[in-house]
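Here is the naming used below: chain letters follow the sequence lines, and residue numbers restart at 1 for every chain. What you see is a predicted model, and the numbers here were worked out from it, not measured in a lab.
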Amino acid sequence: MAGTRPFKHYEPKWQKAWEEEGVYRARDASPADKDQKFYGLIEFPYPSGDGLHVGHPRSYTAIDAVARKKRMEGKNVLYPIGWDAFGLPTENYAIKNRVKPQDATVKNIATFRRQLKSLGFGFDWSREVNTTDPAYYKWTQWMFLKFFTSTFDETTQRAVPVPVGAPRLSREAGRPEQAETTHLLMYGRPGGSPKQEETVPRLAYKARTTINWCPNCKIGLANEEAVGGLCERCGNPVEKRVKEQWMIRITKYADRLLSDLDTVDYLEKIKTQQVNWIGKSEGAHIDFRISTGDAVRVFTTRPDTLFGATYMVLAPEHELVQQWIHDDKVANAREVNAYREAATKKTEMERQAEGKEKTGVVLEGVMATNPTTGKDIPVWIADYVLAGYGTGAIMAVPAHDERDFEFANAFSLPIVEVVRPPQPVEGCYVGDGAAVNSGFLDGLPTADAKQKVTAWLEEKGLGERATTYRLRDWVFSRQRYWGEPIPIVICKTCGYVPVPEDQLPVLLPDVESYQPTDTGESPLSKIRSWVEVRCPNCGGDAERETDTMPNWAGSSWYFLRYCDPKNDSAFADPEKLKYWMPVDLYNGGMEHTTLHLLYSRFWHKFLWDIGAIPNEVGPEPYARRRSHGLVLAKGGEKMSKSKGNVVNPDEIVEQYGADVFRVYEMFMGPFGEPVPWDTNGIEGVRRFLDKVWKLFSGSSLPSVTPELDTLYHQTVKKVSDDIESLSFNTAVSQLMILTNAFVEVGGVPKEFQEGYLKILAPFAPHIAEELWRDHGHSSSIHVSPWPAHDASKIVASSFELVVQVNGKVRDRIRVPADISEEDAKARSLASENVKKHLGDKPPSKVIYVKGRLVTIAN
RNA sequence: GGGCGAGUGGCGGAACUGGUAGACGCACUGGCUUCAGGAGCCAGCGAUCGCAAGGUCAUGAGAGUUCGAUUCUCUCCUCGCCCACCA
């Protein structure tokens with residue numbers, strides 16, 4: 001009978017009481033008592049206008065259950081919550097509805113807060129953080145300045161301050177005549193030619209780079225906002241545009257981000273995804289002499305195939321191509337220029353539509369020399385060579401690389417096989433006499449051949465061993481309003497000047513219009529009163545940087561702020577960081593594995609390098625990372641507003657209460673797998689909790705039977721273990737089994753009552769609390785000690801011995817638990833049914849599996 | 001194309017280091033209770049043969065190892081996610 005369990009009465013009552021009693025308040029303590037703490041973390045939500053989705057609470061309930069158990073085990077638990085509130089969705093919403101993003105954010109947060117509170121999560125609300133709060137983003141800006149004033153020491157592989165007295169940065173960088181200034185501006189690709197490399201590689205720098213540009217919305221988009229080559233806002237195809245952007249040199253940390261994965265407990269698939277994203281390849285850089293007098297450096301993982309390099313390909317954007325055209329070295333400059341232009345204009349859509357069809361243009365009049373054969377080879381440009389990877393140029397070995405093979409076929413280029421050791425591309429036709437057996441590599445296995453060629457290159461000064469990463473530097477600029485202003489002042493004489501720390505935060509000005517501009521500048525650029533400032537260095541006329549930070553900035557360090565959220569003189573007190581960090585368990589979506597998770601690991605390492613995070617904390621922020629599966633709509637498809645299949649948690653809480661919602665979220669399927677939402681399934685959970693309620697409203701007190709005793713202790717053990725391994729669905733099903741057993745005997749034996757409520761408490765905290773306090777307790781069940789199981793009682797006194805004949809079950813015999821092997825075999829062989837199936841033939845083999853079965857073969 | 005993961009009743013899913021396949025829940029069927037019920041209670045519920053006792057077949061397909069395979073090995077098929085011309 002619905003309504004017998006008055007959840008609408010007791011749920012809000014206990015939510016209020018928990019807050020007043022400070023049940024979930026985390027207590028700061030001395031780092032010496034670190035082993036007493038537990039820091040559980042969920043990815044803080046983006047407070048969108050749509051409110052909470054049933055997907056959010058899956059993760060929150062799971063970690064809540066773990067946190068509750070840890071608390072009951074005596075741990076000092078930190079389970080915080082906050083808001084990741086800067087970013088595009090709110091800005092779009094604000095523009096569309098003609099409201100201020102600030103106001104929309106306040107409203108959205110209020111909705112989220114109300115919804116989360118109605119679900120009874122054990123968050124420590126006193127530590128709530130908000131990335132859009134100036135008191136928070138002051139520190140985000142502070143950290144940006146730390147990146148800006150730091151460089152990377154290659155020998156120690158750590159961030160260090162830019163040397164005092166280092167030449168000031170110039171806006172005119174990149175021009176040789178300004179060589180006396182340390183230039184921050186780096187034109188072209190990260191890792192470009194030495195001439196354009198800044199002399200002090202700051203960890204935050206400005207570079208000219210290609211971005212996704214939506215011609216319709218007139219706005220620059222991040223890669224993740226232009227998925228599939230379509231603008232997230234309007235759905236139109238995006239094109240490439242070159243823009244000056246702030247970049248963060250995350251690539252310097254590639255190796256550490258990779259190797260430190262060995263020190264943390266992450267789900268294996270999370271590790272592999274990070275490893276693949278970082279994409280380390282080892283090989284060699286080889287310099288090819290060019291007829292123009294230049295040298296072109298290529299990267300290859302197969303230096304052993306150098307003998308077979310019959311042509312060379314540069315990315316269309318390669319800066320030497322531009323220079324050669326400029327210097328009149330290219331005979332077919334028109335054609336080459338046309339190809340280059342087409343390549344940059346090509347939208348992501350068009351590129352994908354083309355598939356792997358190879359296109360390209362030869363540079364007439366430009367030749368390269370293969371250093372091993374001394375032969376002249378042609379130089380091409382083609383868009384299958386990516387500007388952003390390696391050196392943006394390749395040596396093409398068509399016999400041993402499929403892409404080069406396709407290209408060579410398309411343009412009738414020579415194919416020369418290196419006879420040993422590499423295997424040629426399948427279907428590769430090698431013309432008469434075109435195979436090279438250098439003798440040099442005779443009989444060597446590939447790895448040795450690579451080594452030998454690399455050594456030869458190094459000896460001759462033609463190249464060197466090299467490691468390349470697929471990871472790119474982090475584009476850190478957004479030309480938008482709703483983000484942290486980048487705290488830099490641009491001065492004509494002093495260049496890029498950091499805003500002095502005591503002037504932080506650089507407040508986001510409160511204005512009326514957030515419309516994007518026609519030029520692709522941030523809307524902030526139109527607010528002249530904000531833009532125009534005095535240079536902090538020379539006092540002259542200067543302008544503020546008008547780009548803002550991406551929404552990944554604030555989320556890259558929020559877990560640190562939770563340790564000390566109200567600190568105004570530091571982002572967090574080092575002593576508190578020492579106590580709370582690292583995070584013991586962090587759960588979040590797989591979609592954040594290569595973005596947020598990687599960014600925040602990097603950010604943490606950087607702050608640790610510069611001593612902002614105490615050494616004791618260590619270089620990794622998260623000790624254990626797990627991932628939940630998506631909550632899908634009923635048919636198994638994704639929930640989305642456009643499909644109208646989104647389930648709002650409010651409705652469920654209204655109808656069934658928070659506990660039913662929470663238990664269902666945990667019971668619906670394995671935590672790590674995607675599961676469709678099923679309204680019928682909720683009914684089952686409702687019945688379960690109604691049974692619990694009725695068990696305690698009845699007056700009968702059954703006595704303990706041995707079976708019940710065993711089951712109770714088994715349940716305590718299973719629930720305890722399952723919470724540790726995040727197997728919540730089986731924990732709930734075990735609780736159901738025990739509950740059904742209690743229903744069977746008409747009530748809960750007195751000695752099990754409290755333990756039973758306690759193991760239920762992590763999942764259904766309200767009903768457990770109500771029944772607990774009803775038992776006369778004045779303090780919360782959630783701070784009561786977690787029950788222990790009695791191992792001796794888990795083993796039943798007897799068990800059903802299964803008897804198999806030739807692999808098939810033929811009998812089951814109840815035997816004492818401590819039956820001897822001999823006895824078990826004898827009793828099995830005595831079974832009538834066994835005899836029947838054995839027939840005349842004597843058994844050739846009898847095997848006893850302790851506590852389970854006897855199997856007989858003949 | 002590459003990487004990772006997964007295929008078990010009508011459905012979501014259980015099954016310890018190879019040892020009773022289908023726990024728990026949903027749906028469904030029959031019965032009880034009720035003025036009535038989308039409430040509650042009892043019973044049944046993989047397929048198949050059989051009145052029954054009891055067989056036989058079943059964990060995507062096919063092989064293999066084993067006394068014994070959802071679990072281990074190989075081949076193939078399907079689906080999901082991520083990355084996709086990364087030299």
Undergrad: Can you check the distance between B:A15 and B:U71, where both ends of the measurement are the P atom (answer in whole Å)?
TA: 15 Å
Undergrad: Salt bridge check, A:Arg662 against A:Glu665: does any charged N sit closer than 4.0 Å to a carboxylate O?
TA: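 A:Arg662 and A:Glu665: not salt-bridged.
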Undergrad: Of the non-hydrogen atoms in A:Ile381 and A:Tyr339, which two are nearest, and what is the gap between them?
TA: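 Residues A:Ile381 and A:Tyr339, closest heavy atoms: CD1-CD2, 3.6 Å.
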Undergrad: Select base, sugar-phosphate, or nothing to describe what A:Thr855 touches, counting heavy atoms under 4.0 Å on all strands.
TA: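 Contact class for A:Thr855: base.
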Undergrad: Can you find a side-chain donor-acceptor pair between A:Glu43 and A:His596 that sits under 3.5 Å?
TA: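 Side chains of A:Glu43 and A:His596: no pair found under 3.5 Å.
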Undergrad: Which whole number of Å gives the distance between the P atom of B:G46 and that of B:A21?
TA: 14 Å
Undergrad: Taking O4'-C1'-N9-C4 for purines and O4'-C1'-N1-C2 for pyrimidines, is B:G9 syn (within 90° of 0) or anti?
TA: syn
Undergrad: Please state whether the phosphate of B:C57, meaning OP1 or OP2, lies under 4.0 angstrom from any side-chain nitrogen or oxygen of A:Lys808.
TA: yes
Undergrad: Could you measure between the two P atoms, the one in B:G50 and the one in B:C67, and give it in whole Å?
TA: 36 Å
Undergrad: Identify the pairs formed between an N or O of the protein and an N or O of nucleotides 3-8 of chain B at a distance under 3.5 Å, and give each distance.
TA:
from: B:G3; atom 1: O2'; to: A:Asn276; atom 2: ND2; distance (Å): 3.1

Undergrad: Take the protein atom CZ of A:Phe299 and the nucleotide atom P of B:A87, then report the distance between them rounded to whole Å.
TA: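 For the pair A:Phe299 CZ and B:A87 P, the rounded distance is 7 Å.
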Undergrad: For nucleotides B:A53 and B:A58, find the distance between their C1' atoms and express it as a whole number of Å.
TA: 23 Å
Undergrad: Rounded to the nearest angstrom, tell me the gap between atom OH in A:Tyr656 and atom P in B:A39.
TA: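 Answer to the nearest Å: 10 Å.
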Undergrad: Looking only at side-chain atoms of A:Val675, point me to the closest of B:A87, B:G12, B:A14.
TA: B:G12
Undergrad: B:C83 P sits how many Å from A:Glu591 CD, rounded?
TA: 11 Å
Undergrad: So how far is it from A:Arg626 CZ to A:Asp265 CG, rounded to the nearest 0.5 Å?
TA: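 Output value for this atom pair is 4.0 Å.
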Undergrad: In this structure, how many angstroms lie between the C1' atom of B:C82 and the CD1 atom of A:Ile278, rounded?
TA: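 Rounded to whole Å, this separation is 15 Å.
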Undergrad: Rounding to the closest angstrom, what is the interatomic distance between B:G22 and B:U78 at atom C1'?
TA: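 After rounding to an integer number of Å, I get 23 Å for this pair.
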Undergrad: Please determine, for B:C51, whether a Watson-Crick or G-U wobble partner exists with both distances under 3.5 Å, and give it or none.
TA: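 Result: none.
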Undergrad: Could you please name the option among B:A87, B:A39, B:U56 that lies closest to any side-chain atom of A:Arg686?
TA: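 Closest of the options to the side chain of A:Arg686: B:A39.
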Undergrad: Which whole number of Å gives the distance between the P atom of B:G1 and that of B:U70?
TA: 32 Å
Undergrad: When the P atoms of B:G44 and B:G38 are considered, how many whole Å apart are they?
TA: 23 Å
Undergrad: For B:G62, which nucleotide is its Watson-Crick or G-U wobble mate, given both distances must be under 3.5 Å?
TA: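 The answer is B:C74, by the H-bond criterion.
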Undergrad: Does a side-chain N-to-carboxylate-O contact under 4.0 Å join A:Lys271 and A:Asp262?
TA: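 Salt bridge flag = no for A:Asp262 with A:Lys271.
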Undergrad: Test A:Tyr469 against A:Thr251 for side chain to side chain contact (heavy atoms under 4.5 Å, CB included), laying out the working first.
TA: CA-CA 8 Å; A:Tyr469 299 89; A:Thr251 49; 5.8 Å; no
Undergrad: Nearest of B:C83, B:U20, B:A87 to any side-chain atom of A:Arg470?
TA: B:C83
Undergrad: On RNA chain B, check which nucleotide each of A:Glu800 and A:Lys845 is closest to and give me the residue with the more 5' one.
TA: A:Glu800
Undergrad: If B:A21 has a Watson-Crick or G-U wobble mate with both distances under 3.5 Å, name it; if not, just say none.
TA: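 The base-pairing partner of B:A21, which may sit in any strand shown, does not exist here.
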Undergrad: If we call it a pair only when both distances are under 3.5 Å in a Watson-Crick or G-U wobble match, what pairs with B:C4?
TA: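 When the pairing criteria are applied, B:G80 turns out to be the nucleotide that pairs with B:C4.
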Undergrad: Aromatic rings A:His285 and A:Phe299: how do their planes relate, parallel, tilted or perpendicular, breaks at 30° and 60°?
TA: perpendicular
Undergrad: Looking at every heavy atom in both A:Leu689 and A:Ile767, which two are closest together, and how far apart are they?
TA: O-CD1, 3.7 Å
Undergrad: For the residue pair A:Asp404 and A:Tyr384, confirm or rule out a side-chain donor-acceptor distance under 3.5 Å.
TA: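 A:Tyr384 and A:Asp404 do have a side-chain donor-acceptor pair below 3.5 Å.
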Undergrad: What nitrogen or oxygen pairs link the protein and nucleotides 23-28 of chain B at under 3.5 Å?
TA:
from: B:G25; atom 1: OP1; to: A:Asn740; atom 2: ND2; distance (Å): 2.9
from: B:C26; atom 1: OP1; to: A:Arg687; atom 2: NH1; distance (Å): 2.4

Undergrad: Please write out the pairs of protein N or O atoms and N or O atoms of nucleotides 47-55 of chain B separated by less than 3.5 Å, giving the distance to one decimal.
TA:
from: B:G55; atom 1: OP1; to: A:Asn833; atom 2: ND2; distance (Å): 3.2

Undergrad: What contact category does A:Val846 fall into here, base, sugar-phosphate, or nothing, at under 4.0 angstrom with non-hydrogen atoms?
TA: nothing
Undergrad: OP1, OP2 of B:C83 versus side-chain N and O of A:Thr594: anything below 4.0 Å?
TA: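 No, no such contact exists.
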Undergrad: Check the surroundings of atom CD in A:Glu402: do more than 12 heavy atoms from other residues, nucleotides or ligands lie under 6.0 Å from it?
TA: no
Undergrad: Does the A:Ser627 side chain pair with the main chain of A:Met590, one donor and one acceptor, at a distance under 3.5 Å?
TA: yes
Undergrad: Taking CZ from A:Arg812 and P from B:G19, how many angstroms apart are they, rounded to a whole number?
TA: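 After rounding, the gap between these two atoms is 16 Å.
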Undergrad: Rounding to a whole Å, what distance do you find between A:Leu853:CG and B:A21:P?
TA: 10 Å
Undergrad: In whole angstroms, how far is the C1' atom of B:C83 from the CZ atom of A:Arg472?
TA: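 In whole Å, B:C83 C1' lies 12 Å from A:Arg472 CZ.
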Undergrad: Parallel, tilted or perpendicular: which fits the ring planes of A:Tyr311 and A:Phe407, with parallel below 30° and perpendicular above 60°?
TA: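 Rings of A:Tyr311 and A:Phe407: parallel, under 30°.
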Undergrad: Once you round it to whole Å, what is the distance between P of B:G18 and CD of A:Gln804?
TA: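 The distance from CD of A:Gln804 to P of B:G18 comes to 16 Å, rounded to the nearest Å.
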Undergrad: Are A:Lys8 and A:Glu654 ion-paired here, with the side-chain N under 4.0 Å from a carboxylate O?
TA: yes
Undergrad: Work out how far the C1' atom of B:U20 is from that of B:G68, and round it to whole angstrom.
TA: 12 Å
Undergrad: For B:U29, give the paired nucleotide (Watson-Crick: N1-N3 plus N6-O4 or O6-N4; G-U: N1-O2 and O6-N3; both under 3.5 Å), or none.
TA: B:A43
Undergrad: Does A:Lys638 NZ have over 12 foreign heavy atoms under 6.0 Å away?
TA: no
Undergrad: Any strand counts, and the cut-off is 3.5 Å on both contacts for Watson-Crick or G-U wobble. Which nucleotide pairs with B:G9?
TA: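 Answer to the pairing question: none, since B:G9 forms no Watson-Crick or G-U pair.
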